[in-house]
Student: 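Sending over a structure as structure tokens; questions will come in a sec.
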Amino acid sequence: MRDLLRGLTLAQREAVEHVDGPLLILAGPGSGKTRVVTHRIAHLIGQGIPPAQILGLTFTNKAADEMRSRVELLAPGRPVRLSTFHRFCARLLREYAPLVGLRENYTIYDTSDSLQALKRTIDDLGVDATHFTPGQIAAAISTAKNKLVTADQYVPRAGGPLPSIVARVYPVYQSRLLSASAVDFDDLLVHVAVLLRDNPEVRAELDARNRYVLVDEYQDTNLAQYMIVRGLSVDYPNLAVTGDPDQSIYGWRGANLNNILDFEKDYPGVRVVRLEQNYRSTKRILSVAARLIANNRRRKAKDLFTDNAEGAPVRFHQHASEKSEADTIVAGIAEAIRAGRRRPRDFAVFYRTNALSRALEFALREHGLPYQIVNGVEFYQRKEIKDILAYLLLINNPRDDVAFLRVINTPHRGIGRTTVQRLMRHATQYGTTLLEAARESGLVEDLPKKTAVTVARFVAMFDRLNAVATGPVEEILGHVLSETKYREPLVQSESEEDQERLANIEELLTAARQFDERHAGDAHLAEFLEEACLVNDTDAWDTEIDRVTLMTLHASKGLEFPVVHVIALEEGLIPHERSRNQPDELEEERRLLFVGFTRAQEELHLSLARYREFRGQRKMTVPSQFLLELPTDELETTTEAWVEPVGAALAESTESGYPSAWDMDDSAVDASPELDADRAPRGRRPVGPAWQATPLKTAAEMLLGPATAAADVMAEALAPVPEISPDDFALGMLVRHPEYGLGKIMALSGSGPRRTATIAFAAIGGQKKFILRQSALRPARR
DNA sequence: CGTAATGAAATTTTT
DNA sequence: TTTCATTACG
């Protein structure tokens with residue numbers, strides 16, 4: 001007990017010792033929030049509260065797992081329930097499925113599954129959706145669900161044709177989900193919120209069962225989550241939420257900042273604890289971050305402070321191009337590592353959109369630095385995994401039409417589009433599921449005998465699977481693989497991609513085995529599937545790996561790094577052009593940057609490029625308006641000599657319409673200088689007098705500014721370091737890898753960006769596969 | 001029925 | 001530039 005409080009500040013202690021009644025912990029970045037929450041749980045247990053009455057809700061599995069293990073250290077052997085909102089709801093729904101019109105073996109559709117289902121509804125309804133993508137309609141439905149607007153309540157407000165389309169599609173989509181006994185991610189929350197709202201006795205029971213509820217990242221809750229939490233805290237309002245309005249960056253996913261801003265109104269008598277001391281960053285980093293966020297209106301003002309060192313100044317670099325931006329950053333990283341000051345894992349580079357990682361990847365590879373990008377293709381999203389899981393899903397829930405459609409012709413068994421369409425028509429006509437329709441293939445209209453037999457054969461195969469679908473999940477998976485012969489074409493194939501697939505399937509089998517071991521004896525297929533659907537790959541992101549980390553600003557939340565680079569601080573990127581109009585969205589962009597800044601422990605570097613290649617087009621950029629909000633006297637600015645615009649302004653290039661902060665330093669905005677004389681006058685750019693007035697003789701003539709720096713820029717432009725292309729590799733070639741050393745190419749497959757190689761390495765005495773474009777492999781020169 | 005070719009669109013994405 | 005989805009062919 002005494003131990004629990006040791007080393008805590010007064011504020012932290014106040015939060016930890018709070019037992020009954022509502023509690024709001026406003027936790028600034030790096031304020032030891034997780035520590036406080038876990039200590040508080042341990043304290044509650046210490047006060048004699050049964051762990052079973054304590055429920056902790058997070059947004060990510062990672063956060064839940066981390067808390068779980070930390071609570072385990074503080075209160076060994078007293079497990080409390082810590083899970084994500086979605087998983088908690090999934091469990092609850094299993095228990096109360098009939099109350100919301102589901103079966104207990106219901107299926108959870110992931111985003112792509114629900115999009116499939118939505119597309120089918122759109123097709124079936126014959127809605128003219130030429131002006132909207134299914135994705136847009138899906139987003140609109142999702143938004144409605146996040147606001148707890150159910151299908152029957154949805155009324156198209158004035159405001160364009162999209163709402164009226166949604167009004168037609170949403171109810172049908174929803175009833176389709178229901179008849180397939182399926183839910184999408186949003187439904188998990190909506191169903192539970194509705195369940196609590198419409199069933200007072202159930203609500204009361206759950207309220208009593210979950211007497212102490214803790215919610216992490218409360219600023220990111222949407223209305224559905226808010227209602228769930230509310231429903232669980234009526235009779236026992238021992239609700240503790242932690243959050244930081246300044247770190248709310250998921251408004252676009254329905255998060256409602258008012259949930260935290262109005263918490264004190266919602267729960268009278270709340271105790272508010274502010275954790276404002278930061279243990280993560282230097283004074284300078286914190287002060288820059290604080291200055292930035294002070295520009296937001298919708299927030300709870302707070303005073304961030306730290307006892308940490310003053311630290312190095314925050315640096316701001318202006319680069320000529322995205323390439324030199326990347327090169328400079330990577331060179332700096334490489335140098336610090338070479339000098340032994342840092343390790344690769346000390347560095348992180350954040351950007352607004354994924355596309356911005358490209359130049360960095362190139363530079364990192366050029367320098368031979370190991371890196372990892374957070375956000376690869378998620379394991380459970382891979383085709384082969386989804387294919388095989390679909391069999392399990394269909395076994396678990398035979399009404400799952402999405403699973404059926406995935407499975408019916410995978411692997412190819414000659415059941416094509418038209419056949420499937422006929423089955424669908426039949427199913428709609430007779431109000432049955434697709435599997436039932438397939439079962440009656442002989443009766444399906446227009447279905448040739450031969451095809452009907454093929455379909456019947458599929459159903460027979462499925463029934464055989466179904467019959468043996470008891471026992472360990474790994475075993476079931478084994479049956480699926482042998483019955484479907486899924487692996488056969490892959491084994492035959494030489495392609496590296498297919499080999500990769502085989503490896504992934506093995507991984508799935510391993511995951512199944514581990515699941516079986518964890519649930520010795522009572523392993524349930526449904527639970528395995530739930531886990532598979534609600535798991536995300538970023539959960540597996542490993543901080544221990546010694547690599548430079550690249551990720552979006554969003555992905556950086558909750559993490560910290562000694563050295564942080566935030567790149568591309570340009571108008572249109574951050575703030576993103578899509579959020580330019582709404583003031584609320586602008587504030588969210590500012591928060592996003594704030595989150596990025598406050599990840600840094602020792603060094604923070606900001607940068608932009610004056611010219612950036614965007615979707616194949618070279619464009620002049622405008623510095624982010626957020627830069628103007630930073631304390632210039634605290635920043636250390638370096639400006640790379642850039643290529644000064646040639647000739648007079650060409651109106652077209654100012655089309656971006658952004659207020660140009662460059663204008664403040666006199667230079668006229670101009671067309672991007674093309675260093676390749678051949679290319680310059682082409683494209684959509686009008687060949688105006690400016691171009692004729694300055695004939696493009698040599699690149700040197702286009703360069704102004706300090707001679708030496710200009711020369712560098714020129715050198716860069718004229719003699720780009722030769723890239724290693726995937727096509728530079730040949731069979732039998734000797735190559736070098738920074739980690740594995742010298743190796744020989746044993747096999748090659750694929751082409752272009754997908755070209756992969758199998759390399760035998762002498763040093764490790766084994767073979768490894770690489771996607772060449774992403775690998776650090778280089779031809780070894782003797 | 002399956003594949004290759006063309007064309008439009010392209011934030012962020014805890015589950 | 002890249003990625004997808006739809007369409008046109010074999």
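We use all heavy atoms of the structure for the numbers below, so side chains are in, but hydrogens, waters and symmetry mates are not. Chain letters run A, B, ... following the sequence lines, proteins first and then strands; every chain starts at 1.
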Student: At less than 4.0 Å, is any side-chain N or O atom of A:Thr552 found next to OP1 or OP2 of B:dT13? Yes or no.
Tutor: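 So the side-chain polar atoms of A:Thr552 do come within 4.0 Å of the phosphate oxygens OP1 or OP2 of B:dT13, strictly under.
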Student: Return the stacking result for B:dT11 and A:His576: yes when the ring centres lie under 5.5 Å apart and the planes under 30°, no otherwise.
Tutor: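 A:His576 vs B:dT11: stacking yes.
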Student: What do you reckon, do A:Tyr250 and the base of B:dT12 stack, with centroid distance below 5.5 Å and planes below 30°?
Tutor: no
Student: Between A:Thr111 and A:Gln136, who's closer to the 5' end of DNA chain B by nearest nucleotide?
Tutor: A:Gln136
Student: Do the rings of A:Phe561 and A:Phe350 sit parallel, tilted or perpendicular, given the 30° and 60° boundaries?
Tutor: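 Perpendicular, since the angle between the ring planes exceeds 60°.
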Student: Expressed as a whole number of angstroms, how long is the span from A:Leu115:CG to B:dT15:C1'?
Tutor: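 One finds 16 Å between C1' of B:dT15 and CG of A:Leu115, rounded.
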Student: What nucleotide, of B:dG2, B:dT13, B:dT14, holds the atom closest to the side chain of A:Ala555?
Tutor: B:dT13
Student: For A:Asn409, answer base if it contacts any base atom (sugar-phosphate contacts may also be present), sugar-phosphate if it contacts only those atoms, and nothing otherwise; contact means non-hydrogen atoms under 4.0 Å.
Tutor: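 Sugar-phosphate, backbone atoms only, no base.
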Student: Out of B:dT15, B:dT11, B:dG2, which has the shortest distance to the side chain of A:Thr353?
Tutor: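 Shortest atom-to-atom distance from the side chain points to B:dT11.
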Student: Report yes or no: is the cationic atom of A:Arg81 (NZ for Lys, CZ for Arg) closer than 6.0 Å to the six-membered ring centre of A:Phe88, at no more than 45° off its axis?
Tutor: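 The answer is no, since A:Arg81 fails at least one limit relative to A:Phe88.
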Student: Output the rounded distance in Å from CD (A:Gln381) to P (B:dT14).
Tutor: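 In whole Å, B:dT14 P lies 10 Å from A:Gln381 CD.
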Student: Would you kindly check whether a donor in the side chain of A:Arg615 faces an acceptor in the base of C:dT3, or vice versa, at under 3.5 angstrom?
Tutor: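 No.
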Student: Is the phosphate of B:dT12 approached by A:Asn354 (side-chain N or O, under 4.0 Å from OP1 or OP2)?
Tutor: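 For B:dT12, OP1 or OP2 has a side-chain N or O of A:Asn354 closer than 4.0 Å.
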Student: Does A:Arg599 form a side-chain contact (heavy atoms from CB on, under 4.5 Å) with A:Val595? I'd like the steps, not just the answer.
Tutor: CA-CA 7 Å; A:Arg599 302 305 98 194; A:Val595 166; 3.9 Å; yes
Student: Could you check how far CD of A:Glu585 sits from P of B:dT13, rounded to whole Å?
Tutor: 16 Å
Student: Should A:Arg91 and A:Glu95 count as an ion pair when the cut-off is N to O under 4.0 Å?
Tutor: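 Looking at A:Glu95 together with A:Arg91, the answer is no, because their closest N to O distance does not fall below 4.0 Å.
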Student: Measure from the side chain of A:His412, starting at C-beta and using heavy atoms only, and say which of B:dT15, B:dT14, B:dT3 lies closest.
Tutor: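 For the A:His412 side chain, the nearest candidate turns out to be B:dT3.
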Student: Looking only at atom P, what distance separates C:dA5 and B:dT12, rounded to whole Å?
Tutor: 16 Å
Student: What's the CG-P distance between A:Leu592 and B:dT13, to the nearest Å?
Tutor: 10 Å
Student: Tell me: CZ of A:Arg578 to P of B:dA9, nearest whole Å?
Tutor: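 The distance from CZ of A:Arg578 to P of B:dA9 comes to 12 Å, rounded to the nearest Å.
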Student: Rounded to whole Å, how long is the line connecting atom NZ of A:Lys557 with atom C1' of B:dT11?
Tutor: 16 Å
Student: Using only side-chain N and O atoms of A:Arg358, determine if any of them is under 4.0 Å from OP1 or OP2 of C:dT2.
Tutor: yes
Student: Got A:Ile108 and A:Phe185 here, is their nearest side-chain heavy-atom distance under 4.5 Å?
Tutor: yes
Student: Rounded to the nearest angstrom, tell me the gap between atom CZ in A:Arg591 and atom C1' in B:dT12.
Tutor: 13 Å
Student: In whole Å, I'd like the distance from the CE atom of A:Met67 to the P atom of B:dT14.
Tutor: 18 Å
Student: Check the phosphate of C:dT6 against A:Arg417, side-chain N and O only, distance under 4.0 Å to OP1 or OP2. Yes or no?
Tutor: no
Student: Does A:Thr58 make a side-chain N or O approach to OP1 or OP2 of B:dT14 shorter than 4.0 Å?
Tutor: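 No, outside the criterion.
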Student: Do NZ/NE/NH1/NH2 and the carboxylate oxygens of A:Glu613 and A:Arg618 come within less than 4.0 Å?
Tutor: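 A salt bridge links A:Glu613 with A:Arg618.
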Student: Mind checking A:Ile108 for me? I need base, sugar-phosphate or nothing, with any heavy atom below 4.0 Å counting as a touch.
Tutor: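 No contact.
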Student: Think A:His554 has a side-chain N or O under 4.0 angstrom from the OP1 or OP2 of B:dT11?
Tutor: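 So the side chain of A:His554 is outside the cut-off, no N or O lying under 4.0 Å from OP1 or OP2 of B:dT11.
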